[in-house]
Amino acid sequence: MEEKLFPTWSWSVERCLKEYNVKLSKGLSSFEAETRRERYGWNELKKEKEKPLWFLILEQFDDVLVKILLIAAFISFTLAYLEGNESGHTGLEVYVEPVVILLILMLNAIVGVWQETSAGKALEALKNMQCEYAKVRRDGRCVPDLPARELVPGDIVELRVGDKVPSDMRIATLTMSTLRVEQSSLTGESMPVLKGTSPGFVDDCELQAKDCMLFSGTTIVNGSCICIVTSIGMDTEIGKIQTQISEASQEEQVTPLTEKLNEFGERLTTAIGTVCLIVWVINYQNFITWDNSNTSVWNFHFSFEKCTYHFKIAVALAVAAIPEGLPAVITTCLALGTRKMAQKHAIVRKLPSVETLGCTTVICSDKTGTLTTNQMSVNEFLTLGKKLYTTRVFRVDGTTYNPKDGGINGWSKCNMDDSLQTLAEICAVCNDAGLYREGYLFRAIGLPTEAALKVLVEKMGLPDANVRSRIHDTEFASDFSVNHTTVKLGCCEWWIKRSKRIAALEFDRVRKSMSVIVREPTGSNRLLVKGAFESVLERSSHVQLSDGSFALLDEACKQLIMLNVQEMSSKGLRCLGFAFKDNLGEFSDYNSDTHPAHKWLLDPANYSEIESNLIFVGVVGLRDPPRDEVHKAIEDCKCAGIKVMVITGDNKSTAEAVCQEIGLFLDKTSLKGKSFAGKDFTALPVIKQIEILSKPGGIVAKQAADIVLADDNFSTIVSAVAEGRAIYNNMKSFIRYMISSNVGEVISIFLTAALGIPECLIPVQLLWVNLVTDGPPATALGFNPADIDIMQKPPRKSNDALINSWVLFRYMVIGSYVGLATVGVFVTWYTQPSFMGIDLASDGHTIISLAELRSWGQCSSWTDFLPNPFLAGDREISFADPCDYFTVGKVKAMTLSLSVLVAIEMFNSLNALSEHNSLIQMPPWRNPWLLLAMLVSFGLHFVILYVPFLASIFGIVPLSLNEWLLVILVSAPVVLIDEVLKYFSRKQCWIDDHKQKMA
């Protein structure tokens, strides 16, 4: 049950406690907690209801082409049953055709179900963000390990460093002076944010403005606190994200490819039905006859056997027209694409979304960790020179937490003068961070800023031996070492051992600094301070020069330092100031909490006075740097016509600086009208919002996606888009290949019916070619390498036709040749003793005229027609009835037709390597998988030819070497024909590109 939501972030702690009827010291009673659980439920994210297996299976058959095939299978089964009863054959052999169709459809369904059940795991990641246990006050006592799922609104929870927040909470009190939380998973803020107990001023505000709230799934990185649970389970911010993802996953949006295939399927259905009807009707005289012309139109003879035979031809035509393997090949190609994209860290939840990437026109990207490394690093640091009005700026290379990643430009250990040593000491000792390693990646423990400062100390190294002896070096650790996952920072440890830390003045938002009191090797105490540059400089009275001497910080020196810092800030750097103090007054001999001055450290209000009259040392500029590969990715997007919009929860000016650096905006381009805070954008009129969205800018938004990045790298998105374009091109290649081949099959069946000759291909042979022989090359086309200029073309429009007029013309030209070649070789065997020097009559078969072949239905009325037996491999084909020469005797001619069809489609697969490029530019070995697939397909064809059992099922016989030579001779010209078509295609593309450039 959803609880009543209160704007607790804008209420005082006392009001919240009263509303939830709870006391901080006691917490809820067990009875009250159980009562609230019955009302609000458990603190857990709901598990998404999975689709039942039967529903997933049915979904795979919700396709136009599949439905046509189901109808064809039913008709084929009915005809086989009737024909079997009539002939007395009731064995399984009469049901080969419908069984093959159903087996293929089942295979396609299995592939689809497997992919659906193995995808869509994004919501599980959200569950992993929830913690398992919480430290809770119940019945006036502390429960240290209450299962987090048992939390209810009003529970009092204690949190400290390292804890994961178990629900949304209102901070009631801080048990340390500061509290920082890592909440980039929700808001995208690059730095841990400071939290407090003070309420906000408005009820309606963004997450970033709710400084007194903690959100489920975030992590405490500094400090500790006591909180009031306000929202649990699906009512938390992370629960709302899951709801959005769940709702988005249920919105079945039709992708461009699915839309085009559905449209194509509907048109194909109409065309198939029309052509099938025409073929059946033009053969009506074969099963409806009249005795003479004067007989009444109603006085006719009907032959059910011949009617059934010609209806089977119509079914064969339907089978030939439908690319049965297309659904399976598309699914396989998309699955292959998901594997390629997974290797590039893009996980696909829904297969059709792969090709949708090819239509991408806008990429909305987070900044933190996507455009940037999400690893703070020092970019520059500044100290004063030997004279008061001189400064030195050192530039630092490297963008990770790896101390060996880059170094300081022009640096040597001899550079370690007094002011640089002081800076290194402050960075190392006034610091609570650490580093650990995951494989080859270095990660921060604690605040990223402090981790970056420790990396800087390692890059600075230690002073030379003479200096170390002068500053009382008693022990020297190795510069840097890694022991398993623990990173040992030798330089930092040296400074920490040298300057023993004895007290800490924690950071607060008033003075914007932190400091530590350390015992120097000389025995005296020193205060080391770091914080916001303006705050530290304001509380400084002197500066340290490079030779260790001090000078009064006058206005001219202050302006000089501020001018340098302003330049650093303009580069998007976050500037920290560093200072120290030796004259500590009553803290000069402070050594423990028993010292009389310790009482001053108990109240943070005293910290500003302690951190006064400081000696300013220098400035360090840090940033979350852009990833190295982002610059090229942005350029690729520009060349590809893709707009990039940055969505971030970080500071607006910081985001603008990063966007300028990565090339999203030109250096001198005004950002007015291109960069907005989320609330400012939503306040604009809708028309203005649409206008702004037509150009790059920064907004705050949330969106559930069908593709989830396994890493947070912007280049992964761009690589995924390029992969999506390549996948779409490859799908077009095999669609072009399969459809042009099927057009050839349709034309061959149509020509057979139009000429009135025996059918040269039967349905089971067409199914074999479409589903088995064509399958490997079509799948292999999915491995075609991407075009070199794949990201130099504008995005294709989602409404671009899958088959335009030029592509249709190419289909018809290639298909016409396939049909003519397939029927032509059939006719040639019957009517010609030889063809281009190849002897066709050596097997002893009888040569007849084309007229006799076309009138084979009247064979029973012919006189003196006695065809000779002939050889087919080791088998002799003889005829009890002379008319069997056109049924049983067509086995050799039919084998030639099938072999020509297989060979011509193998050659046609080479044409599909590229839509426009010649085989000279795109040679076959660019895709070795295609060559292997062609060998597999030919091998499968040889199996059904030369294995007697399979040959009898498919109604074919072995071919001689001469006959294979005829097959190759007839099939090869399809390559030359398409090369000519590609030449005109390239010419047209050049004209279109020229027009686009002129426009």
Side-chain angles (χ1 to χ4, degrees), residues 177-178 180 191 193-194 196 198 378 380-385 387-393 418-420 422-423 425-427 429-431 447 449-450 453 503-518 525-546 549-587 600-601 603-623 651 653-654:
S177 60
T178 56
R180 284 193 179 91
M191 297 292 299
V193 295
L194 198 64
S198 300
V378 175
E380 291 181 3
F381 63 94
L382 171 151
T383 61
L384 276 79
K387 296 181 179 180
L388 179 60
Y389 302 111
T390 60
T391 58
R392 302 173 297 171
V393 177
D418 286 9
S419 64
L420 291 174
T422 306
L423 181 66
E425 179 186 11
I426 300 171
C427 288
V429 183
C430 189
N431 196 318
L447 296 177
T449 301
E450 293 192 336
L453 293 177
L505 284 69
E506 295 174 353
F507 180 93
D508 65 53
R509 65 178 66 204
V510 177
R511 72 188 206 284
K512 298 179 182 179
S513 61
M514 75 159 289
S515 58
V516 293
I517 300 175
V518 299
N525 286 353
R526 170 178 281 186
L527 181 71
L528 306 179
V529 184
K530 78 171 191 296
F533 159 73
E534 296 86 354
S535 178
V536 173
L537 186 67
E538 183 182 346
R539 284 179 277 135
S540 298
S541 58
H542 292 76
V543 293
Q544 184 183 38
L545 304 181
S546 63
S549 62
F550 307 145
L552 185 68
L553 178 61
D554 58 18
E555 188 62 28
C557 182
K558 185 178 294 187
Q559 289 299 323
L560 175 65
I561 296 173
M562 292 179 68
L563 188 64
N564 280 271
V565 170
Q566 187 177 359
E567 184 179 349
M568 293 169 71
S569 299
S570 66
K571 301 174 185 177
L573 301 184
R574 181 188 179 207
C575 296
L576 296 181
F578 295 79
F580 72 98
K581 182 178 180 180
D582 284 331
N583 184 14
L584 298 183
E586 54 187 315
F587 286 98
W600 296 100
L601 298 179
D603 185 1
N606 299 321
Y607 292 175
S608 294
E609 184 179 347
I610 297 172
E611 294 175 356
S612 61
N613 295 317
L614 301 174
I615 300 171
F616 189 81
V617 177
V619 181
V620 172
L622 306 97
R623 65 170 180 163
N651 180 271
S653 59
T654 303

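What's counted below: heavy atoms across the whole structure, side chains too, no hydrogens, waters or symmetry copies. Numbers for residues simply follow the sequence, beginning at 1.
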Those residues that, when tested against [X], pass side chain to side chain donor-acceptor pair (under 3.5 Å) (two or more places apart):
X	result
N564	none
Q566	none
R180	none

Does some side-chain heavy atom of [Y] sit less than 4.5 Å from a side-chain heavy atom of [X]?
X	Y	answer
T383	L420	yes
T422	F578	no
L622	T449	yes
K581	H542	no

Side chain to side chain contact (heavy atoms under 4.5 Å, CB included) between I610 and L527, intermediate numbers included:
CA-CA 9 Å; I610 297 172; L527 181 71; 4.2 Å; yes

Ion pair present between R511 and E611, side-chain N to carboxylate O less than 4.0 angstrom?
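Salt bridge present between R511 and E611.
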
So does K512 pair up with E534, basic N to acidic O under 4.0 Å?
no

Working note: R392 + L384, criterion side chain to side chain contact (heavy atoms under 4.5 Å, CB included); need CA distance, chi angles, decisive distance, verdict.
CA-CA 6 Å; R392 302 173 297 171; L384 276 79; over 6 Å; no

For R574 and S569, does a side-chain donor sit closer than 3.5 Å to a side-chain acceptor?
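Side-chain D/A pair, R574 to S569: absent.
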
Taking atom types as modelled and ignoring hydrogens, do the side chains of S612 and R539 form a donor-acceptor contact shorter than 3.5 angstrom?
no

Applying side chain to side chain contact (heavy atoms under 4.5 Å, CB included), run through D554 and L388 and close with a yes or a no.
CA-CA 10 Å; D554 58 18; L388 179 60; 4.0 Å; yes

Salt bridge (Lys or Arg N to Asp or Glu O under 4.0 Å) filter on E380, not counting sequence neighbours, yields R395, K571

So which heavy atom on [X] is nearest to which on [Y], and how close?
X	Y	value
N525	F587	ND2-O, 2.9 Å
C430	L528	SG-O, 3.7 Å
Y389	C557	CE2-N, 3.6 Å
V565	C575	CG1-SG, 3.8 Å
N606	W600	ND2-O, 3.1 Å
V529	S513	CG1-CB, 4.3 Å

Just checking Q559: does its CD atom have more than 12 heavy atoms from other residues, nucleotides or ligands closer to it than 6.0 angstrom?
yes

Crowded around E586 CD? As in, over 12 foreign heavy atoms under 6.0 Å?
yes

Hey, is the main chain of [Y] close enough, under 3.5 Å, to the side chain of [X] for a donor-acceptor pair?
X	Y	answer
S535	A532	no
Y607	L601	yes
S540	V536	yes
N613	S541	no
N431	I426	no
D582	R526	no

How many angstroms lie between [atom1] in [X] and [atom2] in [Y], if you round to the nearest 0.5 Å?
X	Y	atom1	atom2	result
L423	D418	CG	CG	12.5 Å
K387	S546	NZ	OG	11.0 Å
L537	I561	CG	CD1	5.5 Å

Going by ring pair (Phe, Tyr, Trp, His ring centres under 6.0 Å), name the residues that satisfy it together with F381, two or more places apart in sequence or in a different chain.
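Once residues adjacent in sequence are excluded, the partners of F381 under the ring pair (Phe, Tyr, Trp, His ring centres under 6.0 Å) criterion are F394.
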
List for me each residue that meets side-chain contact (heavy atoms from CB on, under 4.5 Å) alongside F550, sequence neighbours excluded, and say none if there are none.
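In terms of side-chain contact (heavy atoms from CB on, under 4.5 Å), with neighbours along the sequence ignored, F550 is linked to Q544, F580, I615.
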
Quick one, F616 with K558, criterion side chain to side chain contact (heavy atoms under 4.5 Å, CB included). Give me CA distance, side-chain angles, the key distance, then yes/no.
CA-CA 10 Å; F616 189 81; K558 185 178 294 187; over 6 Å; no

